[in-house]
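As the structure is a computational prediction, the values presented were derived from the model and not from experiment.
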Amino acid sequence: MWMVVYIAPNRKVANILKELLETEGIMVKLKESKFSGKEEKNIEVMVSEMEIEEANEVINNALRR
């Protein structure tokens, strides 16, 4: 089952996170959020339920930089 691990403010941020996660061997899906703004679309970064903890670690470490 795929779960949303992060909602990126735009496609550029979502793609950066996708690359980081895939570098760590985590499969990622990107999906346009239902709750997007008018100008830029929010993008849901989704990972397998089994990899959600590892994905959270990778994302948190990336956001701390």
Side-chain angles (χ1 to χ4, degrees):
M1 176 188 251
W2 292 91
M3 301 195 64
V4 176
V5 70
Y6 188 81
I7 298 178
N10 55 50
R11 177 77 55 183
K12 181 179 178 180
V13 173
N15 284 328
I16 291 169
L17 291 175
K18 181 178 189 239
E19 288 179 28
L20 284 171
L21 292 165
E22 288 177 339
T23 299
E24 295 296 322
I26 300 170
M27 292 191 314
V28 180
K29 279 187 181 182
L30 299 179
K31 179 181 164 190
E32 209 170 273
S33 176
K34 299 173 192 172
F35 307 106
S36 292
K38 292 180 183 177
E39 293 177 20
E40 289 201 64
K41 302 289 185 190
N42 292 337
I43 306 296
E44 295 178 352
V45 180
M46 304 172 75
V47 299
S48 163
E49 186 176 2
M50 294 172 54
E51 297 178 305
I52 199 154
E53 286 182 37
E54 185 179 355
N56 272 321
E57 275 186 49
V58 171
I59 291 170
N60 287 336
N61 288 337
L63 293 175
R64 283 189 205 139
R65 294 181 197 164

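Taken to the nearest 0.5 Å, the CD1 atom of Ile43 stands 5.0 Å off from the CD atom of Glu32. In this structure, CG on Leu30 lies 13.0 Å from OH on Tyr6, to the nearest 0.5 angstrom. In this structure, CE on Met1 lies 9.0 Å from CE on Met46, to the nearest 0.5 angstrom.
Side-chain heavy atoms closer than 4.5 Å link hydrophobic residues (I, L, V, M, F, W, Y) into clusters, and following such links, possibly through other members, connects Val5 to Met3.
Applying the side chain to side chain donor-acceptor pair (under 3.5 Å) test to Asn61 and every residue at least two apart in sequence or in another chain returns Arg64.
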Contacts table for residues 12-21: side-chain donor-acceptor under 3.5 angstrom, sequence neighbours left out:
unit_1	atom_1	unit_2	atom_2	d
Asn15	ND2	Arg11	O	3.3
Lys18	NZ	Glu22	OE2	3.4

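A 4.5 Å side-chain heavy-atom check between Val45 and Ile7 finds every atom pair outside the cut-off.
Sorted pairs that involve residues 47-58 and meet side-chain hydrogen bond (donor to acceptor under 3.5 Å, both in side chains), not counting sequence neighbours, are lacking altogether.
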